[in-house]
S.K.: 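Please find one structure pasted underneath; my questions will follow.
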Amino acid sequence: MSIIIKNAKQIEKMRASCQLVKQTFDLLENIIVPGVATKELDEIVVKFLKKNGARPSFKNYRGYPKSICTSINEVVIHGIPSPQRLEEGDIISIDIGAYKGGFHGDAARTFAVGKVSDEAQRLMDITKQSFFEGVKYAKVGEFLGNISGAIQDYVENQGYSVVRDFVGHGVGASLHEAPEVANFRDPKQGRGPRLSAGMTLAIEPMVNVGTHEVVILSDGWTVITKDKKLSAHYENTVLITSGEAEILTI
Ligand code: MF3
Ligand code: CO
């Protein structure tokens with residue numbers, strides 16, 4: 001599975017899909033308050049994407065039943081929107097994909113619901129920063145594995161753990177393309193391929209306060225931490241260039 005290089009025209013389309021994901025998060029920011037049901041967030045996103053000529057990338061992807069992922073507290077990823085209402089002190093990771101003009105944009109953010117514990121805030125800050133530590137290595141000529149290693153080192157130095165069972169990915173005309181973008185040094189991948197201009201990657205650290213181990217619930221989707229401690233997720237789609245990576249979903 002070789003890594004697909006996007007040309008200038010394709011990159012323009014990626015930018016549009018990715019900017020729409022960014023705007024969707026701007027819209028949600030003020031709506032994430034105690035009392036809102038996660039299925040209401042899903043409905044708001046579907047409407048907004050539709051209005052902007054896009055469709056949600058995740059709906060029906062391998063049978064996924066909803067349009068976004070809403071992962072509360074110990075839920076790492078792939079929480080399914082439901083009548084469950086947000087409560088003061090929760091943290092919620094929201095993952096959104098938008099498909100428009102033949103290309104996907106993919107990003108995730110973790111939000112505080114009202115006032116959260118110091119530990120929850122620290123987890124969110126470290127998760128976000130780990131992305132930026134990794135993205136320093138997202139440039140032409142670097143090895144892919146240096147992104148993974150930088151994320152792992154930063155997170156573990158802060159006393160937290162990175163999830164191993166799920167990873168980032170190439171993204172483009174398909175939601176998931178080569179390569180896998182691990183958030184840890186994966187012996188099975190080694191240092192990985194060298195990066196080239198025009199590659200588009202979804203870099204998405206999933207960080208746990210406790211053990212890195214996760215469990216999938218019986219719905220077949222919801223991934224939680226094995227020790228039920230908090231988890232956070234931060235993801236952007238980035239374009240590799242000869243200079244700094246262009247972060248397309250910011
Ligand atoms: N950002 C996640 C990913 O790229 C979201 C996928 S959710 C799914 O894997 F439902 F589409 F699988
Ligand atoms: Co992704």
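Order of listing sets the numbers, starting from 1, for every ligand and every atom in it.
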S.K.: What atoms in ligand 1 come closer than 4.0 Å to a heavy atom of His78?
M.R.: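 That gives atoms 6 (C), 7 (S) of ligand 1.
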S.K.: Heavy atom under 4.0 Å from ligand 1: found in Ser57's side chain, backbone, both, or neither?
M.R.: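 The answer is neither; Ser57 stays 4.0 Å or more away.
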S.K.: Looking at the Co ion (ligand 2), which N/O/S atom of Glu235 is the nearest one?
M.R.: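 Among the N, O or S atoms of Glu235, the one closest to the Co ion (ligand 2) is OE2.
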S.K.: Is the ring pair Trp221/Tyr64 parallel, tilted or perpendicular, if the boundaries are 30 and 60 degrees?
M.R.: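 The arrangement is perpendicular - the two ring planes meet at more than 60°.
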S.K.: Please give the atom name: the N, O or S atom of Glu204 nearest to the Co ion (ligand 2).
M.R.: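 In Glu204, the N, O or S atom with the shortest distance to the Co ion (ligand 2) is OE2.
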S.K.: Nearest non-hydrogen atom to atom 4 (O) of ligand 1 belongs to which of Lys59, His169, Lys66?
M.R.: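 Going through Lys59, His169, Lys66 one by one, His169 has the nearest heavy atom to atom 4 (O) of ligand 1.
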S.K.: Using a 3.5 Å distance criterion without hydrogens, assess whether the side chain of His104 forms a donor-acceptor pair with backbone atoms of Ser17.
M.R.: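 Flag not set: sc His104 to bb Ser17 has no pair under 3.5 Å.
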S.K.: Only one of Thr127, Val167, Asp95 forms a side chain to side chain contact (heavy atoms under 4.5 Å, CB included) with Glu204, so which one is it?
M.R.: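 The passing option is Asp95.
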S.K.: Angle class for the Phe111/Phe25 ring planes (parallel below 30°, perpendicular above 60°, tilted otherwise)?
M.R.: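 The rings of Phe111 and Phe25 sit tilted, inter-plane angle from 30° to 60°.
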S.K.: Does Glu235, backbone or side chain, put an N or O under 3.5 Å from an N or O of ligand 1?
M.R.: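 Between Glu235 and ligand 1, an N or O pair is found under 3.5 Å apart.
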S.K.: So for ligand 1, is His176 a polar contact partner (N or O within less than 3.5 Å, distance only)?
M.R.: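 So ligand 1 has an N or O lying under 3.5 Å from an N or O of His176.
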S.K.: Looking only at heavy atoms, what is the nearest atom pair of Pro34 and Gly114, with distance?
M.R.: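 The answer is CD-N, 4.4 Å.
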S.K.: Work out which heavy atom in Asp106 is nearest to a heavy atom in Val21; give both atom names and the distance.
M.R.: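 That closest heavy-atom pairing would be N-CG2, 4.4 Å.
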S.K.: Give the numbers and elements of all ligand 1 atoms closer than 4.0 Å to a heavy atom of Trp221.
M.R.: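 That gives atoms 10 (F), 12 (F) of ligand 1.
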S.K.: Which word best sums up how the rings of His176 and Tyr61 line up, parallel for under 30°, tilted for 30 to 60°, or perpendicular for over 60°?
M.R.: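 Plane angle over 60°, so perpendicular.
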S.K.: Suppose I only count heavy atoms of Cys69 and a 4.0 Å limit; which atoms of ligand 1 are within that range?
M.R.: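 Selected atoms, number and element: 7 (S).
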S.K.: At less than 4.0 angstrom from any non-hydrogen atom of Glu204, what atoms of ligand 1 do you find?
M.R.: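 Every atom of ligand 1 under 4.0 Å from some heavy atom of Glu204: 1 (N), 3 (C), 4 (O).
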S.K.: Would you say His176 reaches the Co ion (ligand 2) with an N/O/S atom under 2.8 Å?
M.R.: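 Not a single backbone or side-chain N, O or S atom of His176 is under 2.8 Å from the Co ion (ligand 2).
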S.K.: Quick one: look at Tyr64 and ligand 1, take heavy-atom pairs under 4.0 Å, and tell me if it's side chain, backbone, both or neither.
M.R.: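 It is the side chain that gets close, since no backbone atom is under 4.0 Å.
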S.K.: Search all heavy atoms of Lys13 against all heavy atoms of Gly101 and return the closest pair with its distance.
M.R.: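 Closest approach of Lys13 to Gly101: CD-O, 3.2 Å.
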S.K.: Using 0.5 Å steps for rounding, measure from the OG atom of Ser148 to the CD atom of Gln189.
M.R.: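 So the gap between those two atoms works out to 7.0 Å.
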S.K.: Between ligand 1 and Asp95, is the shortest N or O to N or O distance under 3.5 Å?
M.R.: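 In this structure, Asp95 places an N or O atom under 3.5 Å from an N or O of ligand 1.
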S.K.: Can you tell which of Leu28, Leu20, Ile96 makes a side chain to side chain contact (heavy atoms under 4.5 Å, CB included) with Phe48?
M.R.: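 Exactly one option meets the side chain to side chain contact (heavy atoms under 4.5 Å, CB included) with Phe48, and it is Leu20.
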S.K.: With respect to the Co ion (ligand 2), what is the nearest N, O or S atom of Asp106?
M.R.: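 Result: OD2.
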S.K.: Heavy-atom distances under 4.0 Å are what count here, so tell me which part of Phe166 touches ligand 1: side chain, backbone, both or neither.
M.R.: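 No part of Phe166 is near ligand 1 at this cut-off.
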